[in-house]
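Quick notes on the structure that follows.
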Amino acid sequence: MTRKKLADGVYLTCLPARKFKTSLLSAQFVTPLRKETAAACALLPAVLRRGTVTYPDMGSLAARLDRLYGARIDYTVRKKGENQCVGFVASFIDDSFTPGGEKLLEPVADLLGELVCDPATRHGRFVPAYFESEKTNLIDAIRSLINDKRDYADSRLLREMCAGEPYGVPRLGDEAEAERLQPKKLYALYQELISTARLELFYSGSADRRRVEQALLSAFSALPRDVVRDIAIPRDHVARQEVLRIEEAMDVTQGKLGMGFSCGSSDTAALLMGNTLFGGSSNSKLFLNVREKLSLCYYASSLYHRQKGLITVSSGIEFDKFQQAYEEILAQLEAIRKGDLEDWELEGAKSTLLNAYASMGDSQGKLENFYLGQAATGQSEPPEMLAQQVREITPERIFEAMGTVTLDTVYFLKGKEAAE
């Protein structure tokens, strides 16, 4: 892996790979996540994907991609730490597999550059029909979150726990902000974004690095660069003095218990292992004890938010099992703090993490997503280095790090009947 600065605020990460039949090319703008602009930034790549000056509609754009042997370009909206990453990911046949040795890197890069720098417009703003259509799609996507109660509960927990912090802002923004979007303001934001936001470019394939650099420098030669803003470096969540407790009633048949914990340790590798032991795998204490042995949950898992120093627990329960499940989740955390672990649990957790890092190289998409997360949060360690850190973890470090984990927020989604 190599990472190089191509221009002011423009960086290229090359991930050489010859074992894939496809190449991947990604262009991602990284901008601080803000409640006021999250929905607009989420809408932007969807509108840009509708057409360019040369290919002004979806039909002509699709025809161009067909001529590039079925290449694909998808728009993306991701949340990495306290930054929002928006842009495009292209997948196309690697040059070493094209008929007659035809080169696809340059034309695909040119098309990416045109989507970003030369979108289809009308009278100095985005095509009204494209704007309205994609705005409706965005609002529908935001509203549809409530249809998956597990995702909804997880999102609500983070929003409540990190209220007032960028990390609490949803990836797509909120519905009220999306409703207020106007074509003129979106175009102004577009001009600001491509001028001032950091642009992270990624390539995975068999092409020589210098050729990739030249292709992208040419494709993005029209990119305006003003004073490039810094990315937002995430700040650790400050633990509450008193646990915040939120209850919500809906027409649901299964309760959702979410618990947010603040981590007081900076030993990331130890917390990663500790979370894997707690609820981060199918061999974890939450899964084997709370779910399987005691049958208190339909599901129970935990997630370590490395960039923010948080651990969140997600579980589905019967309404009347709230107190039992709540107490048992805390009991399993306490068991890790005290070192109440078997050797097979430690080995299983270590194996889970090492396998995850090792398998990352089997997917270009996973590699791109990983390195985007690193770039967007100011990190630089490759998967191999993180794996080595896991190998060096001692049980004592795990117990010490997990000893700093304290309950911060509890969210419970219950049925309307249970609320009466």
Side-chain angles (χ1 to χ4, degrees), residues 3-13 24-52 73-90 108-121 126 130-131 134 138 166-167 169-173 177-178 181 185-203 212 215-217 219-234 307 365 368-379:
R3 186 168 187 266
K4 181 179 179 181
K5 182 177 180 179
L6 293 187
D8 188 20
V10 180
Y11 298 86
L12 169 63
T13 299
L24 178 144
L25 200 55
S26 171
Q28 304 292 322
F29 287 98
V30 183
T31 186
L33 190 57
R34 294 171 51 225
K35 180 179 182 294
E36 298 78 16
T37 58
C41 287
L43 176 61
L44 188 55
V47 174
L48 294 176
R49 181 60 180 77
R50 292 294 295 266
T52 72
I73 297 181
D74 299 309
Y75 74 85
T76 56
V77 181
R78 285 173 281 186
K79 175 179 168 180
K80 299 292 183 182
E82 295 188 334
N83 288 293
Q84 196 175 17
C85 305
V86 297
F88 302 98
V89 176
V108 171
D110 287 342
L111 192 52
L112 266 184
E114 192 167 340
L115 282 168
V116 170
C117 301
D118 295 301
T121 57
F126 294 119
Y130 298 169
F131 171 85
E134 296 303 335
L138 174 64
Y167 203 73
V169 178
R171 174 179 67 93
L172 299 178
E177 293 295 335
L181 290 173
K185 288 187 177 179
L186 185 70
Y187 194 77
L189 180 133
Y190 155 73
Q191 292 177 307
E192 179 187 352
L193 186 78
I194 65 171
S195 300
T196 63
R198 180 188 291 189
L199 176 59
E200 292 284 349
L201 300 169
F202 301 88
Y203 171 77
V212 177
L216 290 169
L217 283 170
F220 288 91
S221 60
L223 184 73
R225 293 275 85 181
D226 201 341
V227 178
V228 178
R229 294 191 306 249
D230 291 334
I231 60 171
I233 301 300
Q307 303 95 345
E368 184 267 350
N369 190 52
F370 172 82
Y371 280 106
L372 172 62
Q374 294 292 83
T377 55
Q379 308 293 319

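Position 1 is the first residue of the sequence; numbering continues from there.
- In this structure the side chain of Leu216 reaches within 4.5 angstrom of the side chain of Leu25, judged on heavy atoms.
- Between Phe220 and Ala27, the shortest heavy-atom distance links the atoms CZ-CB, 3.9 Å.
- Counting all heavy atoms, side chain and backbone alike, Pro170 lies closest to Ala38 at O-CB, 4.2 Å.
- The shortest distance between side-chain heavy atoms of Val77 and Cys41 does not fall below 4.5 Å.
- Salt bridge absent: Arg34 and Glu177 never bring a charged side-chain N and a carboxylate O closer than 4.0 Å.
- Rounding to the nearest 0.5 Å gives a distance of 5.0 Å between CG of Leu223 and CZ of Phe29.
- No donor-acceptor contact under 3.5 angstrom links the side chains of Gln307 and Thr377, judged on distance only.
- A pairwise comparison of heavy atoms in Ala90 and Ile73 identifies CB-CG1, 3.8 Å as the closest pair.
- Side-chain contact between Thr121 and Tyr187: present, with at least one pair of heavy atoms (C-beta onward) separated by less than 4.5 Å.
- Between Ile231 and Ala376, the shortest heavy-atom distance links the atoms CD1-O, 3.6 Å.
- Two residues are said to be in side-chain contact when any heavy atoms from C-beta on lie closer than 4.5 Å; Leu193 and Val86 meet this criterion.
- Because its NZ or CZ atom is both nearer than 6.0 Å to the ring centre of Tyr11 and within 45° of the ring axis, Arg3 counts as a cation-pi partner of that residue.
- In the displayed structure, Tyr75 atom OH is contacted under 6.0 Å by at most 12 heavy atoms of other residues, nucleotides or ligands.
- In this structure a side-chain-to-backbone donor-acceptor pair under 3.5 Å is missing from Gln84 to Val30.
- Look at Lys80 and Glu200 and you find no salt bridge, because none of the NZ, NE, NH1 or NH2 atoms lies under 4.0 Å from a carboxylate O.
- Residue Leu12 holds its CG atom at 14.0 Å from NZ of Lys5, rounded to the nearest 0.5 Å.
- The distance from the OG1 atom of Thr13 to the OH atom of Tyr203 is 14.0 Å, given to the nearest 0.5 Å.
- Scanning for ring-ring contact (aromatic ring centres under 6.0 Å, His included) contacts around Phe202 gives an empty result, with sequence neighbours left out.
- The shortest distance between side-chain heavy atoms of Gln28 and Val89 falls below 4.5 Å.
- The nearest pair of heavy atoms linking Ala219 to Ala109 is CB-O, 3.1 Å.
- With contacts defined as side-chain heavy-atom distances shorter than 4.5 Å, the pair Thr76/Pro45 does not qualify.
- Side-chain contact between Tyr167 and Pro234 is absent, with no heavy-atom pair separated by less than 4.5 Å.
- Of the candidates Gln191, Arg229, Arg225, Arg229 is the only one forming a side chain to side chain donor-acceptor pair (under 3.5 Å) with Thr196.
- The closest donor-acceptor contact from the side chain of Tyr130 to the backbone of Leu48 lies at 3.5 Å or more, if one exists at all.
- At least one side-chain heavy atom of Phe126 sits less than 4.5 Å from a side-chain heavy atom of Leu186.
- Counting only distance, with no hydrogens or angles, the side chain of Arg49 and the backbone of Leu44 share no donor-acceptor pair below 3.5 Å.
- Note that the CG atom of Asp226 and the CD1 atom of Ile194 stand 11.0 Å from one another [nearest 0.5 Å].
- For Phe131, there are no ring-ring contact (aromatic ring centres under 6.0 Å, His included) partners at least two apart in sequence or on another chain.
- Annotation: the span from Leu189 atom CG to Thr37 atom OG1 amounts to 6.5 Å, rounded to 0.5 Å.
- Looking at Arg198 and Asn83, their side chains never bring a donor and an acceptor atom within 3.5 Å of each other.
- Rounding to the nearest 0.5 angstrom, the gap separating the CG atom in Leu138 from the CD atom in Glu134 is 9.0 Å.
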